[in-house]
Visitor: 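The structure under discussion is supplied below as structure tokens; questions concerning it will follow.
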Amino acid sequence: PEPAFDGAIAAYLLNPGRTVYRIEDLAREFGLPEVPEGETPGAVAGRAGALLALRPALESALREAGLWSLFAEIEMPLVGILARMEATGIAVQREALEEMGRELEERILAVQQEIFQRVGYTFNLNSPKQLADVLFGKMGLPVIKRTKTGPSTDAEVLEELALQEPLVERILDYRTLVKLKGTYVDGLAPLIEADGRIHTTFNQTVAATGRLSSADPNLQNIPIRIEEGRRIRKVFIPGEPGWVLFAADYSQIELRVVAHFSGDEALLDAFRQDQDIHTRTAAEVFGVPMEEVTPEMRRRAKAVNFGLIYGQSDYGLARALGIGRGEAKEFIQRYFDRYPGVKAYMEQKVQEAREKGYVTTLLGRRRFLPEIHARTFAVRQNAERAAINTPIQGTAADLMKKAMVAICRRLDASGLRARLLLQVHDELVFEAPPEELPALYELVVGEMERALTLRVPLKVEAKVGRNWYEMEPYTP
DNA sequence: GGGTGGCATTGATAA
DNA sequence: CATATCAATGCCACCT
């Protein structure tokens, strides 16, 4: 079921940075008569009338901005797809989740005991303020950095303090365990509905870059990097007996988009040869053959690649790698020597934002950046990074959304029983009967790889598993 | 005193 | 002093 016109989505495309979508405000913005506020019959009727009148106004505005096809061919069809994904939900093994909760609870109590024992008294370990009193007051540890309100106790600080005070390691453990239990066990459990499934909400008008977001619960930030947290994924299972989960994710989508936009020869070459992009970057930056790239060189190159997508500064890179600012500056210098097209692209985007007031993605999605003219350096620099990052992140979002629309059309027509469950920015998760996997693979990977034609191939990797933890590479 | 709302801090994902 | 989100807890102001 696909609605014909959604005024909020129209307003979002016209300015994805907005945070309110009240009809009263949109009416004012698009030159309609003032709508009374409140819940009186007059106000309610006024809003209904204004919404009707808004449609042609929004439609013209979309056409004038070159956003009509993005609206009509991608965002509107996506509305029904997301609605169905939400209604479908993803099955969760309640028993396994509760068991994880009990184990975490035990470990939390043990770690807590150990900490209180060594400190000599109990306090609220969850309070950064009380923790700071213990660490920097009683124990006399050095303050590494400050927040607005006092000494910081974030993970970066604690990791440094752990070098001289082993107890701090336990505090880090405590934080990890409490995060897992609070957000991912106690947070998810009450959201399991009577059908044994969790039904998230995908928000289509929140992210200024064009991405989706997920809330209540957020299923786009289920742990994966750290093994302890990754285990949470075991509780997400197929909802039908004998079925499996199937996931397809774009490989290095954002760097491929950079290659496309910048036309940088070395970057294009790397993807056309399907090279490991971080190894190739290391080889370029450190001036060695790819075979001689060490793990440490690759790690640093990877940080540079991520930094580039975000509009890195030498300061930010230095912090990410734990090196000096001078050294970081050298890396960036050498990177731009090797990838001059990327440097030119970045400068061009900032210039474009200054001249036009906005930047755009491949499909014309735009983001206004009025702060590009700010007098305050930090504010202006923030806008400059957004000018660089938004076309990259937003084009990746365009691609994925276009693929979702194509995939769901074909899936509906195919007679396959497989169902799309989740989107995690560069990844789609399905549940499917195993016998459908070869057909599902062809359909999904094919549509994702051909969603748009860039100057480099798009690569999609597929995985299959009996839960979201045990996903193994899949090729038919 | 209890309830509520907002800000600050922290940390999870995209990898 | 890296891009974009969402959410938990603590803490404080405010209200009744």
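Here is the naming used below: chain letters follow the sequence lines, and residue numbers restart at 1 for every chain. For the numbers below, each heavy atom of this structure counts, side chains included, while hydrogens, waters and symmetry mates do not. Bear in mind that the values here come from a model prediction, so they are computed numbers and not experimental data.
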Visitor: Looking at every strand, decide which applies to Ala303(A) at a 4.0 Å heavy-atom threshold: base, sugar-phosphate, or nothing.
Guide: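 It contacts base atoms.
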Visitor: Thr209(A) side chain to Thr390(A) main-chain N or O, any donor-acceptor pair under 3.5 Å?
Guide: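 Judged by distance alone, no pair lies under 3.5 Å.
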Visitor: Considering heavy-atom distances to DNA chain C, does His425(A) or Tyr315(A) have its closest nucleotide positioned more toward the 5' end?
Guide: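 Result of the comparison: Tyr315(A).
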Visitor: In residues 342-351 of chain A, which ones come under 4.0 Å of DNA chain B, going by heavy atoms?
Guide: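 Nothing qualifies; none.
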Visitor: Anything under 4.0 Å to a heavy atom of chain A counts; send over the first and last such nucleotide of DNA chain C, read 5' to 3'.
Guide: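 With heavy atoms of chain A under 4.0 Å away, the range is dC1(C) to dC12(C).
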Visitor: Please indicate whether Gln117(A) has more than 12 foreign heavy atoms, meaning atoms of other residues, nucleotides or ligands, lying under 6.0 Å from its CD.
Guide: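 Counting neighbours around CD of Gln117(A), 12 or fewer heavy atoms of other residues, nucleotides or ligands fall under 6.0 Å, so no.
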Visitor: Quick one: label Arg385(A) by what it contacts on the DNA or RNA (base, sugar-phosphate, nothing), any heavy atom closer than 4.0 Å.
Guide: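 The answer is sugar-phosphate, as Arg385(A) gets under 4.0 Å only of primed atoms, P, OP1 or OP2.
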Visitor: Using heavy atoms and a sub-4.0 Å distance, could you list which residues of residues 445-473 of chain A are near DNA chain B? By number, please.
Guide: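 The answer is none.
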Visitor: With heavy atoms under 4.0 Å as the rule, sort Gly307(A) into base, sugar-phosphate or nothing.
Guide: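 Base contact.
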Visitor: May I ask you to say what Lys302(A) touches in the nucleic acid, namely base, sugar-phosphate or nothing, with a heavy-atom cut-off under 4.0 Å?
Guide: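 Nothing: the residue Lys302(A), judged by heavy atoms under 4.0 Å, touches no strand.
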Visitor: Within a radius of less than 6.0 Å around CZ of Arg334(A), do more than 12 heavy atoms belonging to other residues, nucleotides or ligands occur?
Guide: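 Buried by this count: over 12 neighbours within 6.0 Å.
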Visitor: So, Thr279(A) versus Asp276(A): side-chain donor-acceptor pair below 3.5 Å or not?
Guide: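 Distance-only check passes for Thr279(A) and Asp276(A).
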Visitor: So for atom CZ, which belongs to Arg231(A), do other residues, nucleotides or ligands contribute more than 12 heavy atoms lying within a distance under 6.0 Å?
Guide: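 Counting neighbours around CZ of Arg231(A), more than 12 heavy atoms of other residues, nucleotides or ligands fall under 6.0 Å, so yes.
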Visitor: Quick one: label Asp249(A) by what it contacts on the DNA or RNA (base, sugar-phosphate, nothing), any heavy atom closer than 4.0 Å.
Guide: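 Contact class for Asp249(A): none.
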Visitor: For Val206(A), report the nucleic acid contact type (base, sugar-phosphate, nothing); a contact means any heavy atom under 4.0 Å.
Guide: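 Sugar-phosphate only.
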Visitor: Using 30° and 60° as the class limits, which term best fits the ring planes of His278(A) and Phe306(A): parallel, tilted or perpendicular?
Guide: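 Tilted.
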Visitor: Between dT9(C) and dG1(B), how far apart are the two P atoms, rounded to whole Å?
Guide: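 Taking atom P in both dT9(C) and dG1(B), they lie 24 Å apart.
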Visitor: May I ask you to check whether Phe236(A) and Tyr469(A) place their ring centers less than 6.0 Å from one another?
Guide: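 Not close enough - the centres of the two rings lie 6.0 Å or further apart.
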Visitor: What is the distance, rounded to the nearest whole Å, between atom CD of Gln393(A) and atom C1' of dA14(B)?
Guide: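 Distance, rounded to whole Å: 8 Å.
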Visitor: So which pairs with a foot in residues 342-383 of chain A pass ring pair (Phe, Tyr, Trp, His ring centres under 6.0 Å), sequence neighbours left out?
Guide: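 Residue pairs with at least one partner in residues 342-383 of chain A: Phe261(A)-Tyr345(A), Tyr358(A)-Phe368(A).
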Visitor: For Glu254(A), report the nucleic acid contact type (base, sugar-phosphate, nothing); a contact means any heavy atom under 4.0 Å.
Guide: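 No contact.
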Visitor: Keeping the roles fixed (side chain from Ser214(A), backbone from Phe202(A)), state whether a donor-acceptor pair exists under 3.5 Å.
Guide: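 Here the side-chain-to-backbone pair does not exist.
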Visitor: Whether the Glu347(A) and Gln351(A) side chains hold a donor-acceptor pair (N or O, under 3.5 Å, no angle test) is what I'd like checked.
Guide: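 Looking only at side-chain atoms, Gln351(A) and Glu347(A) do not form any donor-acceptor pair under 3.5 Å.
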Visitor: Does the side-chain contact (heavy atoms from CB on, under 4.5 Å) test come out yes or no for Leu167(A) and Ile115(A), once each step is laid out?
Guide: CA-CA 7 Å; Leu167(A) 176 65; Ile115(A) 294 167; 4.1 Å; yes
Visitor: Taking atom NZ of Lys329(A) as the centre, does the number of heavy atoms from other residues, nucleotides or ligands within less than 6.0 Å exceed 12?
Guide: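 Not buried by this count: 12 neighbours or fewer within 6.0 Å.
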Visitor: Need one value for Arg230(A): base, sugar-phosphate or nothing, where a base atom within 4.0 Å counts as base even if backbone is also close, heavy atoms only.
Guide: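 Touches nothing.
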Visitor: Do any side-chain atoms of residues 307-320 of chain A form donor-acceptor pairs under 3.5 angstrom with protein atoms, and if so which ones, sequence neighbours left out?
Guide:
from: Ser313(A); atom 1: OG; to: Tyr315(A); atom 2: N; distance (Å): 3.4
from: Ser313(A); atom 1: OG; to: Gly316(A); atom 2: N; distance (Å): 3.0

Visitor: Above 12 or not: heavy atoms from other molecules or residues under 6.0 Å from CD1 of Ile226(A)?
Guide: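 No, not enclosed.
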Visitor: Base, sugar-phosphate or nothing for Ala318(A)? Non-hydrogen atoms, less than 4.0 Å.
Guide: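 No contact.
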Visitor: Check every strand shown and say whether Asp314(A) touches a base, only sugar-phosphate, or nothing at a heavy-atom separation below 4.0 Å.
Guide: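 Touches nothing.
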Visitor: Give Asn124(A) one of three labels, base, sugar-phosphate or nothing, depending on what nucleic acid heavy atoms sit under 4.0 Å from its own.
Guide: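 If one applies the 4.0 Å heavy-atom cut-off, Asn124(A) turns out to touch the sugar-phosphate alone, with no base involved.
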Visitor: Treating primed atoms plus P, OP1 and OP2 as sugar-phosphate and everything else as base, which nucleotides of nucleotides 1-12 of chain B get B, S or - for protein heavy atoms under 4.0 Å?
Guide: -------SSSBB
